[in-house]
Amino acid sequence: MSDVLTRQQEGETVGGIAADRLRSIIERIERLEEERKAIAGDIKDIFSEAKGAGFDVRTIKAILKLRRLEPAEIEESETLLDIYKRALGM
């Protein structure tokens with residue numbers, strides 16, 4: 001057992017797994033998850049700022065979604081929305 005611990009401490013494989021590499025990957029993911037939480041908080045603050053300035057947050061989110069799409073995708077989405085609205089008598 002002490003041989004396994006010695007190899008693990010030296011960064012060799014344990015049970016066929018490169019322990020240092022695995023640890024590195026997990027720690028990088030943990031750091032990024034923390035950054036994501038911080039960024040999500042920043043985004044929430046900006047939405048609050050926009051709301052406080054009188055902007056409609058739901059509309060801002062819709063615009064952000066549209067800006068991620070290609071022009072052809074936007075046109076298709078708007079066409080479908082129009083067709084669905086007409087079908088419902090809106």
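Numbers here are sequence positions counted from 1.
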### Query
Are Met90 and Tyr84 close enough that some pair of their side-chain heavy atoms sits under 4.5 Å apart?
no
### Task
Determine, using the 4.5 Å side-chain heavy-atom cutoff (strictly less than), whether Val57 and Ile39 are members of one ILVMFWY cluster.
yes
### Task
Applying side-chain contact (heavy atoms from CB on, under 4.5 Å), run through Val14 and Ile17 and close with a yes or a no.
CA-CA 5 Å; Val14 176; Ile17 297 175; 5.6 Å; no
### Query
In Å and rounded to the nearest 0.5 Å, what is the CD to CD distance from Glu34 to Glu30?
8.5 Å
### Task
Assess whether side-chain contact (heavy atoms from CB on, under 4.5 Å) is satisfied between Phe55 and Glu49, documenting all intermediate values.
CA-CA 9 Å; Phe55 293 105; Glu49 177 185 337; over 6 Å; no
### Query
If you round to the nearest 0.5 Å, how far is CD of Glu78 from CG of Leu69?
9.5 Å
## Note on the structure
In this structure, CG of Leu80 is separated from CD of Glu75 (nearest 0.5 Å) by 11.0 Å
### Task
Could you walk me through whether Arg36 and Glu33 pass the side-chain contact (heavy atoms from CB on, under 4.5 Å) test, one step at a time?
CA-CA 5 Å; Arg36 179 174 36 192; Glu33 286 176 343; 3.6 Å; yes
## Note on the structure
Rounded to the nearest 0.5 angstrom, the CD1-CD1 distance for Ile60 and Ile46 is 10.5 Å
### Task
To the nearest 0.5 Å, tell me how far Glu27 CD sits from Ile25 CD1.
11.0 Å
### Task
Please lay out, stage by stage, how Asp20 and Arg23 fare under the test salt bridge (charged side-chain N to carboxylate O under 4.0 Å, His left out).
CA-CA 5 Å; Asp20 286 342; Arg23 184 177 296 108; 3.1 Å; yes
### Message
Nearest 0.5 Å, please: how far is CG in Leu66 from CD in Glu73?
### Response
10.5 Å
